[in-house]
Amino acid sequence: QVQLVESGGGLVQVGGSLRLACATSGRTFSWSAMGWFRQAPGKEREFVTAISWSGDVTYYADSVKGRATISGDNAENTVYLQMNSLKPEDTAVYYCAASNGRGSYYYARRYDYWGQGTQVTVSS
């Protein structure tokens, strides 16, 4: 059974940093892509960032570009999201997602498996 488990969320002050991790299990071959999405209260889930499993292609939402870095550790089957200079508008539940196939990295429909989410709260 495929599982994605996020960790690293929490409460942080404006301007602070967090590193989220997503550990995958239950699969013996590589994903085509891994991504992070987030959902704030009362809002739709939105794309944050994604990475190809080879690690040579990354994508970022404009809202986090320059403040976020996605990386992967294939040996550990884990993908990370480093977020710096956090803002109150970054407050959301952050979800990790894994894709088997193809399609735009930016759309949730590309992704086949999802984690349960981890809460990130940025306080001012």
Side-chain angles (χ1 to χ4, degrees):
Q1 182 179 357
V2 174
Q3 284 190 317
L4 280 66
V5 179
E6 302 98 335
S7 60
L11 177 65
V12 63
Q13 291 188 334
V14 169
S17 299
L18 277 178
R19 189 191 196 204
L20 306 182
C22 174
T24 69
S25 61
R27 182 180 172 99
T28 59
F29 53 96
S30 299
W31 305 104
S32 63
M34 297 287 294
W36 288 94
F37 288 73
R38 67 186 182 186
Q39 188 167 17
K43 295 188 177 181
E44 293 186 353
R45 190 170 297 190
E46 65 174 6
F47 171 80
V48 178
T49 180
I51 187 170
S52 63
W53 199 244
S54 63
D56 58 352
V57 178
T58 57
Y59 299 87
Y60 295 93
D62 288 342
S63 58
V64 303
K65 202 169 291 183
R67 302 188 296 118
T69 303
I70 188 170
S71 61
D73 184 334
N74 289 2
E76 296 295 327
N77 294 316
T78 301
V79 64
Y80 301 97
L81 171 59
Q82 177 72 40
M83 290 279 292
N84 302 321
S85 303
L86 284 161
K87 305 175 181 180
E89 51 264 43
D90 293 318
T91 294
V93 177
Y94 283 70
Y95 296 91
C96 172
S99 172
N100 284 326
R102 300 184 177 185
S104 171
Y105 286 80
Y106 294 92
Y107 294 116
R109 61 175 176 261
R110 178 202 171 121
Y111 299 87
D112 305 285
Y113 297 95
W114 294 81
Q116 81 289 348
T118 185
Q119 176 71 47
V120 172
T121 303
V122 183
S123 67
S124 54

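Note: hydrogens, waters and symmetry copies are ignored here, and every other heavy atom, side chains too, is used. Values in this document were obtained by computation on a predicted structure and should not be read as measured data.
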Check: residues 18-26 side-chain donor-acceptor pairs under 3.5 Å, at least two apart:
from: T24; atom 1: OG1; to: N77; atom 2: O; distance (Å): 3.0

Connected via hydrophobic side-chain network under 4.5 Å: I51 and Y80: no
Matching residue for R38 among D90, T91, T118 - test: side chain to side chain donor-acceptor pair (under 3.5 Å): D90
Polar contact flag, side-chain donor to acceptor under 3.5 angstrom, R110-S99: yes
E44, CD: over 12 other non-hydrogen atoms inside 6.0 angstrom: no
Residue pair V2 / W31, side-chain heavy-atom distance below 4.5 Å: yes
Any pair counted as side chain to side chain donor-acceptor pair (under 3.5 Å), so long as it reaches residues 6-16, sequence neighbours left out: E6-Q116
pair S17-Q82: side-chain heavy atoms closer than 4.5 Å: yes
Shortest non-hydrogen contact between D112 and G101, atoms and distance: OD2-N, 4.0 Å
Whichever hydrophobic residues join W114 through chains of side-chain contacts under 4.5 Å: F37, F47, V57, Y59, V93, Y95, Y105, Y106, Y111
Spacing of OG belonging to S124 relative to CG belonging to L86, to within rounding of 0.5 Å: 12.5 Å
Distance, nearest 0.5 Å, that separates OG1 of T49 from CZ of R67: 12.0 Å
Closest non-hydrogen atom pair, T121 against Q119: OG1-NE2, 3.3 Å
ILVMFWY cluster, V14 and V12 together (side-chain gap under 4.5 Å): yes
D62 and K65 ion-paired at < 4.0 Å: yes
